[in-house]
Amino acid sequence: MEPKSDSPRRHTLALQVDNRPGVLARVTTLISGRGFNIDSLSVAETMDPEISVITLIITGSPKIIAQIIKQLRKLINIIKVTDLSEMDYVERQLIMVRVKAEDPALRSEIMRLCEIFRAKIIDVSHKTFTLEITGGNDKISAALSLLTPFGIEEQVSTGLTAMTRSAQRQRALT
Amino acid sequence: MSKLSGAEILIECWKKEGVEVIFGYPGAATVDIHHHLETSGLRFILCRHEQAAVHAAEGYARSTGRPGVVLVTSGPGATNTITGLAGANMDSVPVLVFSGQVARMLIGNDAFQEVDIVGVSRPVTKHNYLVLSTEELATTVKEAFYVATSGRPGSVLVDLPKDVISGTSQFSYPKKVELRAYRPHLTPHPRQVAKAVSLLKEAERPVIYAGGGVISSGASEELIKLAELLEIPVTTTLMGLGGFPGSHRLFLGMLGMHGLYRANMAIQNADLILAVGARFDDRVTGALNLFAKGATFVHIDVDTTSIHKILDVDVPLVADARQALSAILGALGEAPSYNNVNRPQWLSRIDAWNQEAPLSYEKDSPDGAIAPQAVVEALYRHTGGRAVIVTEVGQHQMWAAQYYLYDRPRQFISSGGLGVMGFGLPAAIGALVARPESMVIDIAGDGSILMNIQELATIAQEGLPVKVAILNNGSLGMVRQWQELFYGGRYAATILKNPDFVTLAKAFGIEGYMAQTYDQMDTVIEKALASPGPVIMDFKVKAKELVFPMVPAGKAIDEMLLTSTTPKHKE
């Protein structure tokens with residue numbers, strides 16, 4: 001094995017699993033039982049209704065992540081575990097933010113920001129805008145830091161989901 | 001084809017899997033199954049506690065390699081199986097627990113005797129199932145047996161709602177299991193085999209460190225061949241005892257916390273360690289940063305997660321132990337040339353360590369009390385080394401591991417990874433049911449034996465000639481040993497006021513004998529072995545005897561205590 005740094009790093013793991021009751025519980029039991037926290041999680045069916053993909057983000061040292069990946073592979077319902085952090089991949093997250101928008105000047109300012117971040121306004125009231133923003137981690141945090149001064153009333157988010165880039169995918173298949 | 005009820009389907013599945021015996025305890029949720037089981041021709045052993053039923057199934061599985069099957073009711077019946085499921089899984093023993101469950105429409109309602117046993121047992125089983133329809137019962141049972149017995153074996157629970165059991169369906173048993181996500185890796189990679197072979201040929205001071213994997217994969221013959229071919233000494237873990245003959249000239253005894261001096265010294269001074277079906281447990285390695293520092297490691301294990309888990313090894317070989325050893329033997333050929341120049345020197349150095357600190361104890365004491373080690377030696381003598389020895393957990397377990405030599409695999413049956421007190425008596429039931437022709441002795445402590453003492457009723461009812469040898473020191477000896485050595489002799493919560501075990505045996509209709517001198521000891525053992533029925537032997541042994549050698553927690557395995565007063569440090 002090549003020497004790696006021991007410092008903890010954020011890993012994005014994509015788990016191909018049987019689409020059956022209890023599989024997500026097995027994954028989370030395994031990780032929480034070893035005292036690790038899942039930073040982010042998303043689950044959905046794939047094109048094949050018998051298979052789901054669980055995308056989870058977890059922080060840990062290379063040795064610990066390697067052990068978690070092996071333990072996950074050992075679970076009977078897990079078909080494939082990929083550590084996307086080792087590859088070229090794209091990740092996206094969807095976030096909904098309700099910002100204060102009473103002052104007309106501020107309302108147009110927020111709308112301009114929406115254009116820049118390609119965010120959608122999905123709900124409007126006299127006092128607020130509700131925005132939908134999609135993007136990777138960096139874009140989302142940049143948008144949030146620019147919106148914070150207006151006053152964020154409420155914010156919800158999906159987990160990150162991710163995919164390898166197509167060139168990488170073909171390389172992996174050959 | 002006519003339809004069968006879920007209960008009938010379950011029994012047909014068991015028959016297809018070759019199940020002959022089921023251990024368990026009935027209840028409202030499983031009464032349908034018992035109704036049909038009664039006329040099925042299968043044998044049901046009624047244990048007196050569900051925990052014991054699982055240990056009995058473990059005893060059955062550990063002594064044969066065939067899966068042990070348990071049937072319990074819902075709720076408390078199911079939760080009582082958790083200790084057994086966890087222990088079997090840690091020791092890679094194929095055990096299947098079939099638990100009753102309330103009807104599907106009641107699940108989640110806090111119904112009488114309802115518990116989410118699939119949720120509860122998830123972290124302590126290899127896999128588990130909730131069967132949601134009678135139609136999928138047969139496929140699920142087939143899959144459950146396959147998962148429990150393949151790859152690294154383990155425990156599996158199948159939860160059966162009452163209406164799935166009473167419902168009907170066509171029955172057809174699948175011929176094979178296709179699991180997209182589960183394909184155990186059994187064949188060794190030729191490149192890794194080649195690397196292992198060249199290391200084995202070059203090594204000057206090799207040691208084989210064998211674990212339970214040798215026994216569960218049936219690799220003993222290959223292991224003996226390899227050791228003899230290259231003159232490599234062999235040490236085993238507790239779980240590996242019997243995997244290599246105890247009386248073999250190349251056998252070093254057990255290693256680790258209570259391992260033999262020569263075994264630990266050999267490991268610490270080795271230049272190559274071949275680990276076979278072992279997982280570098282903390283009781284084996286002691287202080288990890290000081291474990292076998294000069295050695296190169298080859299690690300054979302069927303479980304990928306065992307590799308690099310504790311220790312970074314040089315040549316990992318993920319495969320079934322037997323297949324891996326066969327491949328290595330194949331590559332070596334009949335008369336391989338290897339670095340044999342220094343081998344006699346290495347073996348005589350190990351001999352010298354044994355001269356320096358052989359396994360030993362004081363046989364005599366001022367009050368004439370029996371040394372517990374002497375009881376184990378006497379049992380070895382009187383049985384010609386041929387008995388199946390089952391143990392509980394504690395000091396007596398270590399003495400049974402040290403002083404009885406096991407020449408055959410599956411001859412020593414003990415709870416290793418989880419260390420379950422109360423394991424031995426029910427496990428002896430399972431071992432004797434599986435191999436009725438054998439002599440089965442439970443070497444027990446006076447603490448452990450009371451943890452599942454109710455099984456004397458099972459033994460009496462089934463007429464099983466289990467012999468129980470209690471090494472009675474009036475205390476929880478292993479904890480008391482730690483208190484004596486490391487806690488200033490404050491015996492907190494370890495001193496026992498025991499029942500009279502002879503009278504207790506009689507209450508169950510079982511013969512009981514007590515011995516407190518060496519003469520009585522031999523007479524009692526002779527009487528017990530001559531009796532056609534079950535016998536309890538109560539040996540009043542020296543109360544303060546300690547297990548040595550001992551590696552204190554956190555120390556390297558060559559920093560052994562050999563007696564309580566003279567710590568033996570490395571050279």
Side-chain angles (χ1 to χ4, degrees), chain A residues 1-6 13-38 43 45-54 56 58 60-83 86, chain B residues 86 89 92 104 107-108 116-133 136 139-140 143-144 146-148 150-152 154-159 177-185 279 288 297 301-316 318:
Chain A
M1 285 207 307
E2 52 189 313
K4 286 180 190 167
S5 142
D6 283 342
L13 307 184
L15 280 53
Q16 243 183 54
V17 304
D18 286 335
N19 185 8
R20 283 208 206 169
V23 177
L24 178 63
R26 286 179 205 283
V27 171
T28 54
T29 302
L30 190 152
I31 293 170
S32 63
R34 283 162 181 75
F36 290 97
N37 190 36
I38 296 172
V43 193
E45 237 176 51
T46 60
M47 278 160 63
D48 179 348
E50 289 186 2
I51 296 178
S52 289
V53 165
I54 299 177
L56 61 88
I58 184 163
S61 71
K63 198 177 159 80
I64 282 161
I65 297 293
Q67 185 56 218
I68 287 180
I69 291 174
K70 279 196 250 174
Q71 298 279 0
L72 286 169
R73 286 192 177 129
K74 198 169 144 181
L75 292 178
I76 308 292
N77 296 122
I78 298 217
I79 301 161
K80 195 176 171 195
V81 183
T82 317
D83 186 354
E86 305 288 316
Chain B
N89 206 43
S92 317
R104 283 168 294 177
I107 291 178
D116 170 17
I117 195 62
V118 170
V120 173
S121 65
R122 192 174 289 129
V124 297
T125 51
K126 182 171 176 184
H127 198 53
N128 59 18
Y129 301 88
L130 170 63
V131 184
L132 285 170
S133 72
E136 68 189 63
T139 344
T140 308
E143 199 178 303
Y146 173 65
V147 169
S150 58
R152 177 179 176 178
S155 58
V156 171
L157 177 134
V158 182
D159 202 22
V177 181
E178 265 303 325
L179 286 172
R180 181 163 35 190
Y182 173 74
R183 294 205 180 97
H185 189 91
R279 57 186 173 84
L288 200 57
F297 287 93
D301 205 296
V302 73
D303 180 358
T304 335
T305 59
S306 290
I307 309 271
H308 303 309
K309 179 174 67 182
I310 308 288
L311 201 77
D312 282 327
V313 296
D314 304 277
V315 180
V318 179

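So you know, we letter chains A, B, ... as the sequences are listed, proteins then strands, and number each from 1.
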- What heavy-atom pair brings A:K70 and B:H308 nearest, and what distance separates the two atoms? NZ-CB, 4.0 Å
- Measuring heavy-atom distances to chain A, does B:R152 have an atom under 4.5 Å in its side chain, in its backbone, in both, or in neither? side chain
- Query: Side chain, backbone, both or neither: which part of B:N128 has a non-hydrogen atom closer than 4.5 Å to chain A?
  - Reply: both
- Using a cut-off of 6.0 Å, state whether more than 12 heavy atoms not belonging to A:E50 lie near its atom CD. no
- Task: Any chance you could lay out the side chain to side chain contact (heavy atoms under 4.5 Å, CB included) test for A:N77 and B:H127, step after step, and finish with the verdict?
- Result: CA-CA 9 Å; A:N77 296 122; B:H127 198 53; 3.1 Å; yes
- Note on the structure: Between the CD atom in A:Q71 and the NZ atom in B:K309, the distance rounded to the nearest 0.5 Å is 7.0 Å
- A:G22 and B:R122 have their tightest heavy-atom pair at O-NE, 4.3 Å
- Message: Need one label for A:D18: side chain, backbone, both or neither, based on atoms under 4.5 Å from any heavy atom in chain B.
- Response: side chain
- chain B contact via A:I76 - which portion, at a heavy-atom distance below 4.5 Å: both
- Note on the structure: dist A:I79:CD1 -> B:L179:CG (nearest 0.5 Å) comes out at 10.5 Å
- Which region of A:K80, side chain (C-beta onward) or backbone (N, CA, C, O), has a non-hydrogen atom less than 4.5 Å from a non-hydrogen atom of chain B, or is it both or neither? neither
- Message: Less than 4.5 Å to any heavy atom of chain B: does that hold for the side chain of A:I51, its backbone, both, or neither?
- Response: side chain
